[in-house]
Amino acid sequence: MRKPDNRAAFLADEAAYMRAADLSDDEIDLVRQRDWTGLMRAGGHLQSVLKLAATVGQDLWHVGAHNAGCTKDELVAACPRRVTGLPGSDG
């Protein structure tokens, strides 16, 4: 998923792409379900899961929310942190 052509091939035909990558039927099911928690429990590396999530239009918040058993909006609301003290910021 590091190369744009690979991401495009995945989006064009997820099943064919995953079969060509030798994923098991169980792994393919986890990807199809966007089961980020299941993918990590099955041994998926967080960076790989995040790349896959980004490819399908999701982000770290989606992955974290799935792991926490809530929606993205619920997780964002529960984590109202703000970054301050960066160059050019007022904090």
Side-chain angles (χ1 to χ4, degrees):
M1 295 289 172
R2 289 180 283 165
K3 298 179 182 178
D5 289 346
N6 291 342
R7 292 189 296 275
F10 173 82
L11 292 171
D13 189 344
E14 289 186 20
Y17 185 89
M18 291 186 285
R19 294 220 183 278
D22 294 325
L23 270 69
S24 70
D25 289 339
D26 289 339
E27 292 166 331
I28 290 171
D29 286 341
L30 291 170
V31 172
R32 283 186 174 151
Q33 295 170 27
R34 308 303 191 241
D35 184 349
W36 311 125
T37 305
L39 285 166
M40 288 187 280
R41 285 184 178 151
H45 189 279
L46 178 59
Q47 291 298 102
S48 299
V49 171
L50 288 174
K51 186 58 113 174
L52 176 59
T55 299
V56 299
Q58 296 190 14
D59 58 23
L60 179 60
W61 288 106
H62 290 97
V63 174
H66 189 270
N67 285 322
C70 62
T71 68
K72 176 184 175 180
D73 290 338
E74 289 169 335
L75 183 60
V76 169
C79 301
R81 294 179 180 89
R82 302 287 182 260
V83 176
T84 60
L86 295 175
S89 73
D90 292 334

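The chain is numbered in sequence order, starting from 1.
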### Task
With sequence neighbours left out, write down each residue that passes side chain to side chain donor-acceptor pair (under 3.5 Å) with Asn67, or none if nothing qualifies.
Thr37
### Task
Determine yes or no for a side-chain-to-main-chain donor-acceptor pair under 3.5 angstrom, with Gln33 supplying the side chain and Leu30 the backbone.
no
#### Entry: Selection residues 12-21 - residue pairs positive for side chain to side chain donor-acceptor pair (under 3.5 Å), sequence neighbours left out
Glu14-Arg34, Arg19-Asp25
### Task
Taking all non-hydrogen atoms of both residues into account, name the closest pair between Glu27 and Asp22 and its distance.
OE1-O, 4.4 Å
### Query
Does a side-chain heavy-atom distance below 4.5 Å link Leu50 with Gln58?
no
Atom pairs and distances, side-chain donor-acceptor, residues 41-48, under 3.5 Å, sequence neighbours left out:
{"unit_1": "His45", "atom_1": "ND1", "unit_2": "Gln47", "atom_2": "N", "d": "3.0"}

### Task
Not counting sequence neighbours, which residues clear side chain to side chain contact (heavy atoms under 4.5 Å, CB included) with Leu11? List them please.
Thr55, Val56
### Task
Please collect all salt bridge (charged side-chain N to carboxylate O under 4.0 Å, His left out) contacts where either partner lies in residues 44-54, sequence neighbours excluded, each pair once.
none
### Task
Apply salt bridge (Lys or Arg N to Asp or Glu O under 4.0 Å) to Asp35 and list each qualifying residue two or more places apart in sequence or on a separate chain.
none
#### Entry: Close side-chain approach of Phe10 to Leu52, heavy-atom, < 4.5 Å
yes
## Note on the structure
So salt bridge (charged side-chain N to carboxylate O under 4.0 Å, His left out) across residues 61-71, not counting sequence neighbours, yields none
### Task
Enumerate the residue pairs fulfilling salt bridge (charged side-chain N to carboxylate O under 4.0 Å, His left out) with a member in residues 56-78, sequence neighbours excluded, ordered by first and then second residue.
Asp59-Lys72
### Query
Other than Leu75, which residues form its hydrophobic cluster under the rule that side-chain heavy atoms must be closer than 4.5 Å?
Trp61, Val76
